[in-house]
Amino acid sequence: MKFSKAYEPNENEPIIYALWEGENAFAPSGTGQPYSTVMPPPNANGNLHIGHGFEMGLKDILVRYHRMKGFDTIYIPGADHAGFETWVVYERELEKIGQSRFDFSRDQLYGQVWDFVAKQRGNMELQIRALGISCSWQDLVFTLDKKVVDTVYDTFKRMWEDGLIYRGEKIVNYCTEHQTSFADIEVDHQDDKGYLWDIAYPLVDGSGEVVISTTRPETLLGDTAVAVNPKDKRYAKLVGKKVKLPLTDRKIPIIADEHADMTVGTGAVKITPAHDPNDFEVGERHNLPRIQVIGFDGLMVSAAGDSYRGLTAIAARDKVLDDLEKLGLRRGEKAITHSVGHCYKCGSVIEPLPMEQWFVKVKPLAKQAIAAIENGDIKFYPNNKGKVLVGYYKNLRDWNISRQIPWGIPIPMFSKFEEGDNAPEWVFDTRVDQTEIVVNGTTYTRDEDTLDTWFSSGQWPFITTGYLDDETEPEPKEGKNSINRPGQTPDLARFYPNTVMENGIDLLFPWDSRMIMLGLYRTNQVPWKDLYVHGMVLDESGQKMSKSKGNVVSPMEMIAKYGSDAFRMGIIAGRSAGMSQAFSKSNMVAARNFCNKLWNIARFVQDKLEESYQPHDMQLETSADHWIVRQLNAARRSVESNLAAYRFAEASEAVYQTIWNDVADWYVEANKTTFNPDVLAFVLETSLKLAHPFAPFVTEAIWQNLSWTDNLLIKEHWPEKMHFGSEEAKQFESIKQLVTEVRLVTNQLPGNKRYNLLFQSDQLIDTNRSLIKQLAPITEVQDIDVPHGMRLAVSGHAAWLDIDARTLKHHHANLVARLAAVEDEIARLDMRLHNDNYIKKAPGELVEETKHQLTEAKKLLQRLKNELEITESIA
RNA sequence: GGACGAUUAGCUCAGUUGGCUAGAGCGCCACAUUGACGUUGUGGAGGUCAUAGGUUCGAGCCCUAUAUCGUCCACCA
């Protein structure tokens, strides 16, 4: 016997996964309708977190199910170099050994991180295996693979030529700690406490002063104007005059601009074009100079004046305030709470700084994306996320894709330095391994920056499927970083667009939005037909998980403790699209128990059938046979319809309930008296198939242990609809009801006694004597001429429990309560049927059903009354 | 400031176009038991579906307000 008493996940899982991989079971079959999804490239820099486990688990359910359904199925795994994310991790590693990025050249750093990631990535891939993910490993794509970089450069080139990528100086979100800029979406806005200071700027003509309010007095040193609203009558006369900028010797104009809000503060606002995005735009409109007073290291630069140079911005703030105080120019302050941008990694305050960067012009791309969404080209789960995304697109500003870190795909642009004020000339070239290139006799220098990770992962669906391979211009030389993987599946282009994308709600904006835009741009198609977004997995008390709070649940720990299947089933239990929900350990326990239950069903079946069992065509014989086929049919239908609507929890629950409540509790029990080997084997096999997408390891482990099965369960076909006799199934249902009533009554009576079951000319009971004896807590089933004891009223059979008068009397109260409940029900049904509007307006079949229910209830009432009379006659 | 979501059993949550006795897991109570499984079996208790109105023959579900909690977005000096 290969079945241990309890299922041991950790002993079985690695063996089973190796078996699948050895049999190449994850590769697409090449026949059938294509079904595809891709892994959001998990960061190659560390461990999988619970969100990865959840997301991959969901996708794997879809993939395994469709594979069994006969689709040509692929789940393309990925690994992301995760530019900035990895960079942060790597810098920490450097710090540990007392080094920093400045100790190395850019190329050295790139090489080192490459090795670091290569090592880490193996770890991540092992964890994906531990989760049981059936992804096509031979088709794994790393975001720095040659084919990725080629396509990314091709996209870049086209966008450059189409004018969708441009070089521009703007205020960017800059982290002075990490020394790189960020896209708007990477900035973490927090409500911080601060002060709003009122400061007087004296008019040059000596006729008074203008008071402005600011939260950042240190930027005063870079002011180049004061703005008031053109409609503001208070200041109308001052527009065009000049004020003397305190602490400097500069005179700056008072200008009229819509940006100044009359209702805020004094209505006059200082304009610092170099340090505020709004002011930058005001500066553009009014042709104001930009004076940068804070450097990229976060320290004040010489333009701030000698007495401030070298101070941190915060120190400069204090000094500015002190100095203003001495000049008597401070007019008040008040504590406020305002939103301040922080680096989402280190928490430093984001410094808005002017910089030349590469930007993607998003308007035309967003417009296409909006049209596609509104056109219904993508189905969103939950539905409202489509609207949320459209809202996002409508307000999207140009996307900064330059990052000042060495780790990433180098920006393929080279510039020629121009003397004088002329802007440099830029050329596109993919020879990024060189810092200088010569084109037509002119030397060009490489831009040192790398691309935002999302620019490459935003092209993931068509890159991983090689959809554009024919039109991507071949590169002259082999990329040094390519990972060659043997046996890649040929011609994956059929898998684009992907059937479905599924990821966390946190990726809707940074990733999904870009995949749609870039997908439409490059392929004229949406990247996938369905988008399912799941909510966040919160900790057990409903808090967000975070390393700093120390409440992170590791999927690997859960797998070690409960098994991979239990993790997968437990994590999806009770979750619905888009909703963030707390992690529940008890769901995992329940799922673990289910796996053990399944294992033990198999143990029972194998024991019954014995090693020598050979399968034959099956014939349904007993009523239980017909009934269980009906139940399995229903479960199959439920899984199908729920998965079609991405209702994972409901699909999984249908499997759980059917296998536990129907197969184990009734069918297996019924098979303890008589059994039909072929049907028993069929029921087990069908159960395993239904459960396989949800609990792949235990089902395959059982399949491999069964004496009569060969091949792999993962490659088996999904169950087909089976025929059964509905009359026979109903008969079993009827016996089930009788048994349940016997159990209930017996439970309610004192003394834990078993009684004889008596019946009078009841065909069904007569032919199922041994079955009933097996299922119900009774001693014997006896045929009688004259009824006595207690009538089993609810199930409607001519059946009695052979209970003595004393005990029967004890049951009187139960009977009275039962009677009252039935009377209530009759009253309710009666009332409904006396409602003319109900009869007229409700659907006919509903009315019929109500009538039927009333008839049945009245019959039951009669039986209960008879019963009561008998009991009372004893009393 | 804007948008979205949630409020259902002790806890965590389902409840698909409104349909009649609102479900699951865990927990709880009682009982059982040594041959598939104690990671078990049987039975049970527990919900005026946040509140107030409305629409409807019928509302957990639709509409309108209110309250509480949460998330996201945002260039508020």
Side-chain angles (χ1 to χ4, degrees), chain A residues 3 5-7 171 184-185 189 196 212-216 227 259-261 263-266 268-272 276-281 336 338-339 341 352 382 384-385 387-388 391-392 395 397 505-506 508-509 535-536 538 540-542 544 562 566 570 573-576 578-608 641-642 645 647 649-650 653 656-657 664-665 668-669 672 740 743-748 752 776-777 821 824-825 828-829 832 835-843 846-847 849-850 853:
Chain A
F3 288 99
K5 194 170 177 189
Y7 174 60
I171 297 290
D184 292 340
I185 196 160
H189 291 273
L196 190 61
I212 57 88
S213 303
T214 182
T215 54
R216 304 199 55 194
H259 167 64
D261 186 338
T263 64
V264 176
T266 58
V269 59
K270 67 196 268 309
I271 301 296
T272 323
D276 183 284
N278 286 312
D279 293 4
F280 183 89
E281 284 169 16
I336 55 160
H338 60 148
S339 170
N384 70 326
K385 296 303 171 200
K387 280 177 212 133
V388 173
Y392 173 74
N395 298 313
R397 287 146 58 109
I505 183 76
D506 54 329
L508 183 65
F509 295 158
M536 299 290 100
L538 308 173
E540 281 195 280
S541 59
K544 246 184 175 175
Y562 302 108
R575 281 176 197 278
S576 55
M579 297 292 302
S580 292
Q581 273 158 36
F583 169 81
S584 159
K585 208 175 277 178
S586 62
N587 282 342
M588 236 144 269
V589 171
R592 190 237 0 222
N593 295 353
F594 171 75
C595 292
N596 189 55
K597 191 77 185 177
L598 200 48
W599 181 261
N600 275 289
I601 292 169
R603 200 156 91 103
F604 170 84
V605 173
Q606 179 67 74
D607 192 40
K608 273 275 176 195
S641 63
N642 280 315
R647 286 194 292 264
E650 287 85 343
E653 191 170 313
Y656 178 102
Q657 299 292 345
D665 290 348
V668 165
E669 290 304 317
K672 286 177 180 173
T740 305
R743 286 170 177 173
L744 171 64
V745 171
T746 313
N747 237 304
Q748 283 174 344
N752 295 324
D824 280 355
E825 192 190 344
R828 211 173 42 243
L829 293 169
R832 195 176 301 149
N835 180 338
D836 281 350
N837 279 325
Y838 178 71
I839 304 291
K840 266 186 273 175
K841 294 186 181 172
L846 209 58
V847 178
E849 200 187 317
T850 309
Q853 282 172 344

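In what follows, chains are A, B, ... by sequence order, proteins preceding strands, each numbered from 1. Every value quoted in this text rests on a predicted model; they were computed, and no experiment measured them.
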Legend entry - Phosphate contact (B:U21 OP1 or OP2) by A:Gln853 side-chain N/O below 4.0 Å: no

Inset, instruction - Using the test side chain to side chain contact (heavy atoms under 4.5 Å, CB included), find all partners of A:Ile839 that sit at least two apart in sequence or belong to another chain. - result: A:Leu833, A:Val847

Legend entry - A:Asp824: partners by side chain to side chain contact (heavy atoms under 4.5 Å, CB included), with sequence neighbours left out: none

Inset, instruction - Would you mind telling me which residue lines up with the more 5' stretch of RNA chain B, A:Asn593 or A:Glu825, judged by nearest nucleotide? - result: A:Glu825

Legend entry - side chain to side chain contact (heavy atoms under 4.5 Å, CB included) against A:Pro277, all qualifying residues, sequence neighbours excluded: A:Ile171, A:Pro352, A:Arg397

Inset, instruction - Under the ring-ring contact (aromatic ring centres under 6.0 Å, His included) rule, collect the residues that match up with A:Phe280, sequence neighbours excluded. - result: none

Inset, instruction - Could you pull out all residues at least two apart from A:Asp506 that satisfy side chain to side chain contact (heavy atoms under 4.5 Å, CB included)? - result: A:Met536

Legend entry - Watson-Crick or G-U pairs under 3.5 Å in RNA chain B, rendered as dot-bracket with [ ] for crossing pairs and | for another strand: (((((((..((((.....[...)))).((((((....).))))).....(((((..]....))))))))))))....

Protein N or O to nucleotides 68-73 of chain B N or O, pairs below 3.5 Å:
from	atom 1	to	atom 2	distance (Å)
B:C72	OP1	A:Lys544	NZ	2.9

Legend entry - Non-neighbouring partners of A:Arg832 that pass salt bridge (charged side-chain N to carboxylate O under 4.0 Å, His left out), sequence neighbours left out: none

Legend entry - Set of residues satisfying salt bridge (charged side-chain N to carboxylate O under 4.0 Å, His left out) with respect to A:Glu849, sequence neighbours excluded: none

Legend entry - A:Trp599 and A:Tyr7 aromatic ring geometry - parallel, tilted or perpendicular at 30°/60° bounds: tilted

Inset, instruction - Give the nucleotide from the list B:C4, B:C26, B:A77 with an atom nearest to the side chain of A:Asn384. - result: B:C4

Can you check nucleotides 42-46 of chain B for protein contacts, nitrogen or oxygen pairs under 3.5 Å, and list what you find?
from	atom 1	to	atom 2	distance (Å)
B:G43	O4'	A:Asn747	ND2	3.1

Legend entry - Which residues share a salt bridge (charged side-chain N to carboxylate O under 4.0 Å, His left out) with A:Lys608, sequence neighbours left out: none

Show me, pair by pair, the donor-acceptor contacts under 3.5 angstrom made by side chains of residues 581-590 of chain A, not counting sequence neighbours?
from	atom 1	to	atom 2	distance (Å)
A:Ser584	OG	A:Ser586	N	3.4
A:Ser584	OG	A:Ser586	OG	3.1
A:Ser584	OG	A:Asn587	N	3.1
A:Ser584	OG	A:Asn587	ND2	3.4

